[in-house]
Amino acid sequence: MSRLEAKKPSLFISDPLTKDTVSQSLSLLNRILKSCYGPAGRLKQLHNGVGGYVCVTSQSSAILGRLSVSHPVLKVLTASVQNHVARFSDCGLFTAILCCSLIENFRSLHVPSCTVIKISKDLLSLCTDYLKSEACGCRVSVDFSNLKTLLCLVRSVLTSKPACMLNATEVDHLTMLIVKAFMFTIPCHVETKAVLGKCVTVPVKGRRVLDSTVLPGLLIETPEIQFAKLPSVKRISSDTIKIALFCVSMSGDLFNPEEGMITVHHGISLETSELNQLLNVGKQLVNDEVGLVVCQKVIHPSLKQYLKENQVMVVDRAGLSVMEPLSQMTGSKSIASIHSFSPSCYGSLKDVCTKSFGSKHFVHLIPNDTVVCSLVLCNRNETTWDELKRACETAEHVLQLTIKEPLALLGGGCTESHLASYIRYKTCSLSTSSFKDADYSQTQYQLIADAFCCSLESVACSLSHDDEILTDTVYGHCWLVPSGFPSVSNWSDLLSKCGCGINSNTQNLNWRLLRPHFGSPTLQSCPEEPSIKAADLLTLDCFAAKYSGLQVAVETANLILDLKCIIEDQN
C-alpha cells in the first residue's frame, strides 16, 4: 500500500547545548525543581490538558513521571533521574537540581567539554572517596541497637514532603509506625541468607492521620456482611491453623472457548462435572484438616457452604497483591490447579480475627513469625493520601538501604555545603607541579572546581525559598536566617542550630552568606568534623541514595555536555 504522506527526513541538530531553546528549557526545569525542594518546597498541581486525575505534589517521582518533556536533552536528564529514583526512591530532586546546575555552570565557563568532563570525573572521585572515608565530617554511623538514628531518617523523609499536610504530632506518630513496621519485616531467625519481609499498605481515606496503625500479619478486605460474626475455625492445635492458598478460579466456570475445543460425551454436564471436582477439592481440604482457604479469585457458593459446614473459613476475591506476602508469611505455596495438588502446599497461621477501620472491614491473618505486617494508612482525602503513601514507601526503602549500608549523611544542606568547602580547600592546596603532566592548566582546573562547588551550594540554597542561608567557616554547614534582617546583623543572635541540627551557635563560630557564585572564599583549613553526633533531632539523608545521586548527577551532566549532535526521527 502506498504512503498517504511522504516520509520526512530525520532532523539533525548539531551542538544542541548551544541552542537557546535548550538553555531556556533546562533553566525552566531547574527553577521548577528548585522551587519544590525541601520542607518549605512549593507544591505543584499536575494534570493533563483535557482534565482527568489531578496530582498535587513536590516529589520528584510524581513530577518527572507526569511532566511532559519534549527535547531529547531533557529526556536524557529526566530518564536518568527517574532510573535513580526507581532504584533508591530518595534524593531525586537533589540529583536533578545538581545535574541541571552542573550543566549550566560548566557551559558558562567556555572550557572545552572534554576538559570539563575529565576534571569533573576527578572531582567526583574526590567527593566519593571522602564520603567513603572514616575521616568524612558529614556522615554518621547508624546503630540499629538504638532507634534514634532510624527515627531521624524517617522523620527527615516525611518532613520533606509538604503535600502530605502533616503537623508535628502526625509526623512523630507516622515515624514510629514506619520504624515499627520495618522492624516487623526483619526475620527473627536467620540461618543462611536473610530476606526481609514485606509491609503491605492498607488505604483508609477520609480518616485522621493519627488513626493510622501497624498490625502484625495481613489484612484482607471483605464485604461487611461476610463476617459479621467470625465463624468457628478448625485448628490442628491451639495456636495453629492450616491454610490453603489458591491462585486459580474456583467459581466453576466453564472453559473459555478461546483456549481451544473440548470433546464432551453425550449425557455429560460440564457444569455438574466442574462442581463435583470442586466438591472433591473441598473434601480433600477437610480431610487434611485445613482451617482457612484463601482464593485470589472467586469460589463457588456451593463449595463455600460445604467448607463452612465443616468449620473451614473461606476468603475469596483476595486479589493478586496479597498472594506473595501471604505465601511468605504462612509458608504456603499457591495452588494453581483444582485437579491435583499436594498437602505440602499448605501453610500455617497462628490465629485469625476481624478488624474494622472506618467503613472498611477486614479479615486479620496473624502469623506465627511476623515477617509481614500491615500499615493501615489514614489521611484526610485522596490527594494527600497518595502523597503520604509515596512518602511512607520512600521512608521504608531508605531503612532497607540503610540496613545494607549502616550510614547516613547530614541533611538540611549541610552535606552539600560541607562537600563544597572540602573540595575548595583540597583543590586550592594543590601545587603547580600537580599539573605538570596534565593536559589542562591549573586555571582551568580551578575554574571547573569552583563551578562544581557552586553547583553543590546551589542545591543547599534551594532549601531556602524565603530565608537567607549562611555557612560557617569551621564546619562548612548551612544555617538558615529568617528574611528581613540586614546582612550586618550579629548572626549569633539569630541562629540556633545548623540545617542538620548537629552544631549550635554556642561554639563561637563565624559565618558568611552562602551565595553560589564563582570566586567564593576558601576555608583556611580542611572543614572539621563535628565533635558531637548524638543529637535527638538530626536531619539526615540516606547515604546510599545521596551517594548514588551525586554520581548520577555528575555522570549525566558529562553525558549531556558530550553531546555533539542529535538525530531525531520526524515521522
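Values below: every heavy atom of this structure, side chains too, minus hydrogens, waters and symmetry copies. Because the structure is a prediction, the values reported are computed rather than measured.
- More than 12 heavy atoms of other residues, nucleotides or ligands shown are found within 6.0 angstrom of NZ on Lys564.
- For the pair Leu123/Ile423, a side-chain contact is recorded, criterion being any heavy-atom separation below 4.5 Å from C-beta on.
- Side-chain polar atoms of Arg66 and Thr57 form no donor-acceptor pair below 3.5 angstrom.
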ask   = Does the pair Cys378 and Val209 meet the rule for a side chain to side chain contact (heavy atoms under 4.5 Å, CB included), with working shown?
value = CA-CA 5 Å; Cys378 307; Val209 175; 5.7 Å; no
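- For the pair Phe184 and Val371, the minimum side-chain heavy-atom distance is 4.5 Å or more.
- A donor-acceptor contact shorter than 3.5 Å links the side chain of Lys360 to the backbone of Pro203.
- Interatomic distance, CG of Leu480 versus NZ of Lys497, reported as 14.5 Å (0.5 Å rounding).
- Separation of atoms OG (Ser374) and CE (Met329) is listed at 8.0 Å; rounding is to 0.5 Å.
- Although no hydrogens or angles enter the test, the distance criterion places no donor-acceptor pair under 3.5 Å between the side chain of Ser27 and the main chain of Ser23.
- Residue Leu174 holds its CG atom at 8.0 Å from CG of Asn379, rounded to the nearest 0.5 Å.
- Residues Ser120 and Asn558 bring a donor and an acceptor atom of their side chains to less than 3.5 Å of each other.
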task = Tell me, with the steps shown, if Asn105 and Ser108 meet side chain to side chain donor-acceptor pair (under 3.5 Å).
result = CA-CA 5 Å; Asn105 288 336; Ser108 67; 5.0 Å; no
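- A donor and an acceptor atom, one from each side chain of Asp172 and Thr175, are nowhere located under 3.5 Å apart.
- Not a single donor-acceptor pair under 3.5 Å links the side chain of Thr383 to the backbone N or O of Val56.
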inquiry  = One pair to check against side chain to side chain contact (heavy atoms under 4.5 Å, CB included): Leu46 and Val54. What are the steps and the verdict?
reply    = CA-CA 6 Å; Leu46 303 169; Val54 176; over 6 Å; no
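- Side chains of Asp472 and His477: a donor-acceptor N/O pair is absent below 3.5 angstrom, by distance only.
- Taking the six-membered ring where the residue is Trp, the centroids of His418 and Tyr130 are separated by under 6.0 Å.
- Annotation for Met176: atom CE does not count as buried by contact number, only 12 or fewer foreign heavy atoms lying within 6.0 Å.
- For His84 and Phe88, the ring centers are positioned less than 6.0 Å apart.
- We find that Glu416 and Lys546 are joined by a salt bridge, their nearest charged nitrogen and carboxylate oxygen being less than 4.0 Å apart.
- Of the possible polar contacts, one joining the Ser160 side chain to the Val157 backbone as a donor-acceptor pair under 3.5 Å is found.
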ask   = Where do Phe543 and Leu153 land on the side chain to side chain contact (heavy atoms under 4.5 Å, CB included) test, with the steps shown first?
value = CA-CA 10 Å; Phe543 180 87; Leu153 273 169; over 6 Å; no
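- Within 6.0 Å of NZ on Lys34 lie more than 12 heavy atoms contributed by other residues, nucleotides or ligands.
- The environment of CG in Asp211 is crowded: more than 12 heavy-atom neighbours from other residues, nucleotides or ligands sit within 6.0 Å.
- A donor atom on one side chain and an acceptor atom on the other are found under 3.5 Å apart for Thr556 and Ser80.
- Electrostatic pairing of Asp129 and Lys132 does not count as a salt bridge here, judged by no charged N lying under 4.0 Å from a carboxylate O.
- Judged by distance alone, with hydrogens and angles left aside, the side-chain atoms of Gln400 form no donor-acceptor pair with the main-chain N or O of Phe182 at under 3.5 Å.
- Side chain to side chain, Arg390 and Thr394 fail the donor-acceptor criterion of an N or O pair below 3.5 Å.
- The existence of a salt bridge linking Glu221 and Lys355 is excluded, since no basic side-chain nitrogen approaches an acidic carboxylate oxygen closer than 4.0 Å.
- Rounded to the nearest 0.5 Å, atoms SG (Cys478) and CH2 (Trp511) are 13.5 Å apart.
- In the displayed structure, Glu405 atom CD is contacted under 6.0 Å by more than 12 heavy atoms of other residues, nucleotides or ligands.
- Side-chain atoms of Ser458 never come within 3.5 Å of backbone atoms of Cys454 as a donor-acceptor pair (strictly under, hydrogens ignored).
- For the atom pair CG (Leu124) and CD1 (Ile119), the distance works out to 14.0 Å, reported to the nearest 0.5 Å.
- The residue from Lys161, Arg380, Arg155 that alone fulfils the salt bridge (charged side-chain N to carboxylate O under 4.0 Å, His left out) condition with Glu170 is Arg380.
- Looking at Ser35 and Lys44, their side chains do bring a donor and an acceptor atom within 3.5 Å of each other.
- In this structure, SG in Cys542 is found 12.0 Å from CZ in Phe94, a value given to the nearest 0.5 Å.
- Formation of a donor-acceptor pair under 3.5 Å by the Arg42 side chain with backbone atoms of Ala40 is found in this model.
- Ionic pairing of Glu457 and Arg424 is present here: one or more N-O contacts between side-chain nitrogen and carboxylate oxygen are shorter than 4.0 angstrom.
- At least one side-chain heavy atom of Cys138 sits less than 4.5 Å from a side-chain heavy atom of Leu131.
- Between the side chains of His361 and Thr222, no donor N or O sits under 3.5 Å from an acceptor N or O.
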